[in-house]
2 protein chains.
Amino acid sequence: MLANLTDHIQKFITLNEADIKLIHSEVVVKFVKKRNYLLEPDHICKEIYFVSKGCLRLYFLNKKLNEQITQFAIENWWMSDYYSLESEKPSSYYIQAVENSEIISIHKNNLEELFEKIPRLERYFRIVQQRAFTAAQKRIEYIYNFSDEERYRNFSARFPDFIQRIPQYMLASYLGFTPQFMSKIRAKKA
Amino acid sequence: MLANLTDHIQKFITLNEADIKLIHSEVVVKFVKKRNYLLEPDHICKEIYFVSKGCLRLYFLNKKLNEQITQFAIENWWMSDYYSLESEKPSSYYIQAVENSEIISIHKNNLEELFEKIPRLERYFRIVQQRAFTAAQKRIEYIYNFSDEERYRNFSARFPDFIQRIPQYMLASYLGFTPQFMSKIRAKKA
DNA sequence: TGAATTTCTTAATCTTGATTCATTTTTCGG
DNA sequence: CCGAAAAATGAATCAAGATTAAGAAATTCA
């Protein structure tokens, strides 16, 4: 649903009918099946993705060839490899659907066109990026200030609904420890 | 020097003479002595800070009442507690000068005024935030993908000049380990 | 310059979470 | 609904880095 996107934008800036039409004309809706990819390593990332429904994860293969998840995106979150997008260098990430998802995709060029025609959109994305940055900082803080076990319990308490949606090993990866350790913690709790 | 700020902005957007005048009229230069604070916990953060010269650090006191540094800012970097700034809730951070510094400060209200008068500034800050977010993500990646020792060696190799500028215990704090462990690593190297 | 404070180092012990490997449980496509 | 693949669990051993407690070196500034 394209309205999900423009509704979200309108939480931050006002859009008139023409703006909305324009935005809808510059984006593409993609239905992505679980386990399918929107981005793979060695490709240049050309689009940014808005999750209208479903869930995406961003990960890379670490030295031991394990998947290391660095972000999830659920409804109303954006996901992209902004570094690859800006620099036009090949990405080293995977962006994969964790669930069957409805994704609103904006091509780099279309986004620039939108910025030209609706300069207020810069404000929307400025705020979105600012919040993303704040969230990332907060996460670094958690990593340094809490043990793995504390972070797991914290996360479970704060996002009980989200942990229902993803396999445990993905949460372990996101939180930076092994599935085995996670089992240990969970066993303890009971 | 106010020009440091407008020069930096002009790396991303073009400004005319009037814009530059206007920006200069809405900002304040602060000379902050080493160890002095721009922000302390329980205060609401009202300003964003651009480092024209010197170095700032952002930190909080963790459970064990140790200082946990989450960011540094050197020349041409911005620093603020964006969460407190946006929400108008009390901060839990310190922003402190690591060296005698020349800081260009913009009050929240003046920034909004600037956004109204120079909408293109939204673009500048959108890009700045996007890069800050990307850097934060990269940092999370490093934390999860490298051991403390590897991160230290990495950092030393990439920013040899910066580590000259700060006490070692601050780097240890930023990298998330103890000064003792850092000594151990350094001794090994020799 | 010299006393006080800050910063850095060393070493012994302890803890958290990784690794390895095997087994069990769950999920999912045909 | 069944078999294969994916996901979760369990236990034993191991390693990275924390903690504690001194003491040494370097800064600072009166």
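Proteins get letters first, then strands, A, B, ... in listed order; numbering begins at 1 in each.
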Between atom CD in Q68(B) and atom P in dA18(D), what is the gap in whole Å? 11 Å
I166(A) CD1 - dA6(D) P separation (whole Å): 18 Å
Atom-pair distance (CG on D148(A); C1' on dA16(D)), nearest Å: 13 Å
When rounded to whole Å, the CD to P distance for the pair Q168(A) and dA7(D) reads 11 Å
I'd like to check K108(B) versus E47(B) (side-chain heavy atoms, cut-off strictly below 4.5 Å). Are they in contact? no
Nearest-Å distance for atom pair OH/P, residues Y152(A) and dA8(D): 11 Å
Given that F146(B) and R35(B) both sit by DNA chain D, which one's nearest nucleotide is further toward the 5' end? F146(B)
Determine, using ring centers only, whether F115(B) and F125(B) are less than 6.0 Å apart. yes
N/O to N/O distances under 3.5 Å, protein versus nucleotides 19-22 of chain D:
residue	atom	partner	partner atom	Å
dT19(D)	OP1	K64(B)	NZ	3.1
dT20(D)	O4	Q180(B)	NE2	3.4

Taking all non-hydrogen atoms of both residues, which atom of L175(B) and which atom of Y152(B) are closest, and how far apart? CD1-CA, 3.7 Å
Y174(A) and R57(A): CA distance, side-chain angles, deciding distance, side chain to side chain donor-acceptor pair (under 3.5 Å) verdict: CA-CA 10 Å; Y174(A) 178 75; R57(A) 64 174 179 144; over 6 Å; no
Closer than 3.5 angstrom, by distance alone: can the side chain of N100(A) be matched with the main-chain N or O of K34(A) as a donor-acceptor pair? yes
Between which nucleotides of DNA chain C, 5' to 3', does chain A make heavy-atom contacts below 4.0 Å? dG17(C) to dC28(C)
Derivation of the ring pair (Phe, Tyr, Trp, His ring centres under 6.0 Å) call for Y142(A) and F155(A): CA-CA 10 Å; Y142(A) 270 114; F155(A) 195 94; 9.3 Å; no
E141(B) with K138(B): basic N within carboxylate O range, under 4.0 Å: yes
Separation of dA16(D) atom P from I185(B) atom CD1, nearest Å, is 11 Å
Do NZ/NE/NH1/NH2 and the carboxylate oxygens of R123(B) and E112(A) come within less than 4.0 Å? yes
Nearest-Å distance for atom pair CZ/P, residues R186(B) and dA24(D): 19 Å
Short side-chain donor-acceptor distance under 3.5 Å, Q96(A) and Y37(A): yes
To the nearest Å, give me how far apart CD (E150(B)) and C1' (dA15(D)) are. 13 Å
